[in-house]
Amino acid sequence: MAIDAAVDGQGVALARTALAAWDLIGGRLVRPFDIAMPVSFGYWIVCSKAVAKLPKIVAFSDWLLAEAAEDARQLAGLKSRQPARASR
């Protein structure tokens with residue numbers, strides 16, 4: 001809800017990049033500062049060993065990793081497109 005409020009012009013929000021990625025990429029949100037806090041955990045693709053090699057599991061895993069890589073590539077490109085901020 002905080003991200004939606006920021007998109008609607010109701011202020012600023014602190015959010016995980018992964019949760020705000022679509023709005024950052026789409027230009028609905030901008031990072032006012034080039035500061036990020038790394039986290040010590042992440043997301044995992046989990047399934048049993050018995051089904052891990054099934055074509056549908058491999059295809060889904062490959063697709064998911066490709067989507068995440070593309071989002072990361074687009075987010076990395078945002079730095080060069082951000083307008084310069086005026087100093088105060």
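- To the nearest 0.5 angstrom, L24 atom CG is 7.0 Å from T17 atom OG1.
- Enclosure of atom CG in L14 is not indicated, since only 12 or fewer non-hydrogen atoms of other residues, nucleotides or ligands lie within 6.0 angstrom.
- Between A20 and A15, the closest heavy-atom pair is CB-CB, 4.3 Å.
- In the hydrophobic clustering of ILVMFWY residues, with side-chain heavy atoms under 4.5 Å counting as a link, L75 and W22 come out apart.
- Criterion: ILVMFWY side-chain heavy atoms under 4.5 Å apart, direct or through other members. Under it, V58 and L64 are not part of a common hydrophobic cluster.
- One hydrophobic cluster holds both I25 and L19 under the rule that ILVMFWY side chains link at heavy-atom gaps under 4.5 Å.
- The heavy-atom pair separating P38 from A36 by the smallest distance is CD-O, 3.6 Å.
- Atoms CG and CD1, from D23 and I3 in turn, are 7.0 Å apart once rounded to the nearest 0.5 Å.
- Between the side chain of R28 and the backbone N or O of A6 there is no donor-acceptor pair closer than 3.5 Å.
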